[in-house]
Each structure stands twice: as C-alpha cells, then as structure tokens.
Amino acid sequence: MEYSPEIFLSHIAQTTGSPFLISIERAEGVYLYGPDGKKYMDLISGIGVSNIGHGHPKVIKAITDQVHKHLHVMVFGEYIQRTPNLLAKKLNTLLPSSLDCSYFVNSGTEANEGALKLAKRYTGRTEIISCRKSYHGSTHGSLSVSGNEVKKQKFRPLLPDVRFIEFNNPEDLLAITERTACVIMETIQGDAGVRIPSKTYMKAVRKRCDETGTLLILDEIQCGMGRTGTLFAFEQFDIVPDILTLAKAFGGGLPIGAFISSKKIMQVFTENPALGHITTFGGNPVCCASALATLEVIEEEKLLHQVESKGKLIQKLLTHPKIKEVRRAGLMFAFDFDSPETVNNIVNYTKEHGVICYWFLSHPNSFRIAPPLTITEEEITVACKVIVDAIEQS
Ligand code: PMP
C-alpha cells in the first residue's frame, strides 16, 4: 500500500508519461534504499541537491534541535529568529562584500522570480536579457526567461520584454543596453548539458552590464554549493554578480532558496510599494538550520578540495569509444552519445543495476551525473564500472 504504484500514478500528479518509478524507503550518504531491500547509488544527488550526501548526521541534528525549539512562527522579514540570522551572517562571511543581504525563499524558481523583480524595481527598467538553452524554473517569470521554447509555447502569454542571446557568444553582448534591467544567466548552464563559458566571456558580460547600468543575476541553483570545486562557481571567473540565486543543494535536503544582493539594492523592496516581495515560508527556521549545517559540513569536511580529484577520477574511468563528448565542471558531468535512444538504454541499464544516472531537460543526447561531493574513490570505481557496462550494451 505505502509504495503502491497505483496510488502514485492515480493520485499524485504526473509530470511525464514515464516516471522513474523506483520506491525509496530511506537514504544515507550516496545510497538510496528501497522497501524491498534494493540499494541504489545516487549519482545525481536528487538532481543537484544532496551535495553533502543524504541524511548527513550534522544536518539531521541541526534540524532536530530547531524542530524542538520552534517551527514557523511568522512570515519572512518580521520577527528576529536565530537560524535565519545565523545563516545570513554565515553567507555574509563566505560571499564578496557586495553580496551582503539575503532574501530567503522556498525554491529555485522563487529565488529567480525575486531576483527579476528586484532588478526591475531597482533600475526602473523593464527589459530582461537571458540566454538561449537556459533553465531558470517553471513558474511564469522564470519560465519566461528560460530558453527552451518547446517548454514555453503552450503557456504564453509570458513576461513581455524578454530577449535572448547566445550563451558564451561575446558578439551578442551589444544587445545589453541602457534599456536592460538585468541579464540573468546560469554561471554554468546545467540543463543545457553542462555548458561552461570562457572566463573572457563572463568578464565581458560583467563589463557590458557595468557600462549600461544593468544588473547581472547569476543563477547558481544547480552549479553552486561546491558542485564545481569552489563554493560558488562565479569565483572561478573573477567576477561578482549583482544578484546571486541559490536553492537545491543550499538547503541540504530541505526546501530553501535565496536571492542575495547588496543592502542598497535590496532596500528598494521596503518602500513604494512596501513589501515589494513577500513570502510566508521564506526563511523557515528549520530549513535555515539545515542550510547552515550544510555550509558548515562543506567547510569542516573540506569537501571543496576533493571535487577536482574525484571529478578527474570519474573522467578517467568513464571512457568509451561510444562517448562523443564529455563536459565537466568539478563533479558536474554531461556525456554525449549518438542518440537519445542510446542515452535511454544507458540510464535504464544503470537503474536496473543499482546506479542512478539521469537525463537533461534540454539535451536528450546526453546523460548527467553529479554525485554527492562526499562520494568515495571506491564508490566511484564501482559506479563507473556499471556505467561502462551500460554503455557497452547500449
Ligand atoms: N535554475 C536552475 C539553474 C536550475 O537547475 C533549476 C532546477 N533544475 C531552477 C533554477 C529551478 O529550481 P526549482 O526547481 O527549485 O524551482
């Protein structure tokens, strides 16, 4: 009954015609366990969430301690609560000084919604520039600035005054003008199949935004939180955004997002109109406790230092003539094949053999892996053997 596929298929909204349909009873470290005793290695971290592994004891303790003190007590921005305060201060110590003011929300898409509103309100401009093939979320505003046309068509009309440029193409940057409120881009495009821009390009984006008074929003919802080897991916490009958005791994397994900017910019939400962005559950104390503990674990366990060597090991072990191209940023991978069918065969084979790999939203010829940063070399070796077998039989 509890794990009945009939209940799942009939009474839980379905988002695809072919859900993954494995049953999970508990999860620990890199492993997911089914009620039937099946064990899976989670090589996708629940899509970019479990960067410190599932159910880290320090996170569980922080959540439990907070649960015993209080759950929700008030909407965002009114009461002084311990865990949101500590989390905001922690972020303040980890981020460049211009990113000193955090607005906590509930998800990635809401973080981007808040960031877009903030940019429009601060600049008094309406035009938004985004990149083709980007993914920023599924609510109306974030969907409007996402680049996958197929996913948008049936939901129009969407936000007006949104223009798209090609990611990593400096020639397109002249599209950014004094009319542009903001440019929103993923520092590394995730669902387009791990697209890594050049440092020169990112610096040129920053420069063009400065020239035109346009705010730069970097979406690190997928590539942030140590995934690429630095806590934030933008650190590798020698630039600082005006607004940074986080979610997914930020919460260590509980739902929380944030858009982070300067006090000066964020201040525009307080008047004319006041309550420029509001949320009931944003900054939920239990989620903040989890996020804070997650940041502490990344630091204490020195996880960032291990990302590059583990990434290189996977790249070394996952070689096969059928792989057309590999794109990697730290522990974020896309493997390209000749066709979506080959990719399906591989993903299904690894699932049957206890290793979870997955597709990308906008790039059907690749599969993704992005394991917890805590994965060990032994676990990497076991997982890569299964994937190579899968490629061999695909
Ligand atoms: N931005 C990026 C880069 C993402 O990868 C995602 C989720 N895949 C989102 C935004 C949306 O986050 P959420 O699903 O939490 O709304």
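Atoms within each ligand, like the ligands themselves, are counted from 1 in listed order. Numbers for residues simply follow the sequence, beginning at 1.
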Could you tabulate the donor-acceptor pairs under 3.5 Å formed by side-chain atoms of residues 79-87, not counting sequence neighbours?
unit_1: Thr83; atom_1: OG1; unit_2: Pro285; atom_2: O; d: 2.9

Next on the checklist: Restricting to side chain to side chain contact (heavy atoms under 4.5 Å, CB included), what partner residues turn up for Thr187, sequence neighbours left out?
Outcome noted: Met202, Leu218, Glu220, Cys223, Ala233, Phe234, Phe237

Check residues 95-102 and write down every donor-acceptor pair under 3.5 Å in which the side-chain atom is one partner and the other belongs to a residue at least two apart or another chain.
unit_1: Asp100; atom_1: OD1; unit_2: Lys263; atom_2: N; d: 2.9

Item to check | cation_pi(Arg26, Tyr33) dist<6.0 Å, angle<=45 | outcome: yes

When you pair each N or O of ligand 1 with protein N or O atoms, which pairs come out under 3.5 Å?
unit_1: ligand 1; atom_1: 1 (N); unit_2: Tyr135; atom_2: O; d: 3.4
unit_1: ligand 1; atom_1: 1 (N); unit_2: Asp219; atom_2: OD1; d: 3.3
unit_1: ligand 1; atom_1: 1 (N); unit_2: Asp219; atom_2: OD2; d: 2.7
unit_1: ligand 1; atom_1: 5 (O); unit_2: Gln222; atom_2: NE2; d: 2.7
unit_1: ligand 1; atom_1: 8 (N); unit_2: Lys248; atom_2: NZ; d: 3.4
unit_1: ligand 1; atom_1: 15 (O); unit_2: Gly108; atom_2: N; d: 2.8
unit_1: ligand 1; atom_1: 16 (O); unit_2: Thr109; atom_2: N; d: 2.8

Checklist entry - Ignoring hydrogens and geometry, is there a side-chain-to-backbone donor-acceptor pair from Arg125 to Glu178 under 3.5 Å? => result yes

Next on the checklist: For Asn92 and Lys89, which I'm curious about, is there any donor-acceptor pair between the side chains at under 3.5 Å?
Outcome noted: yes

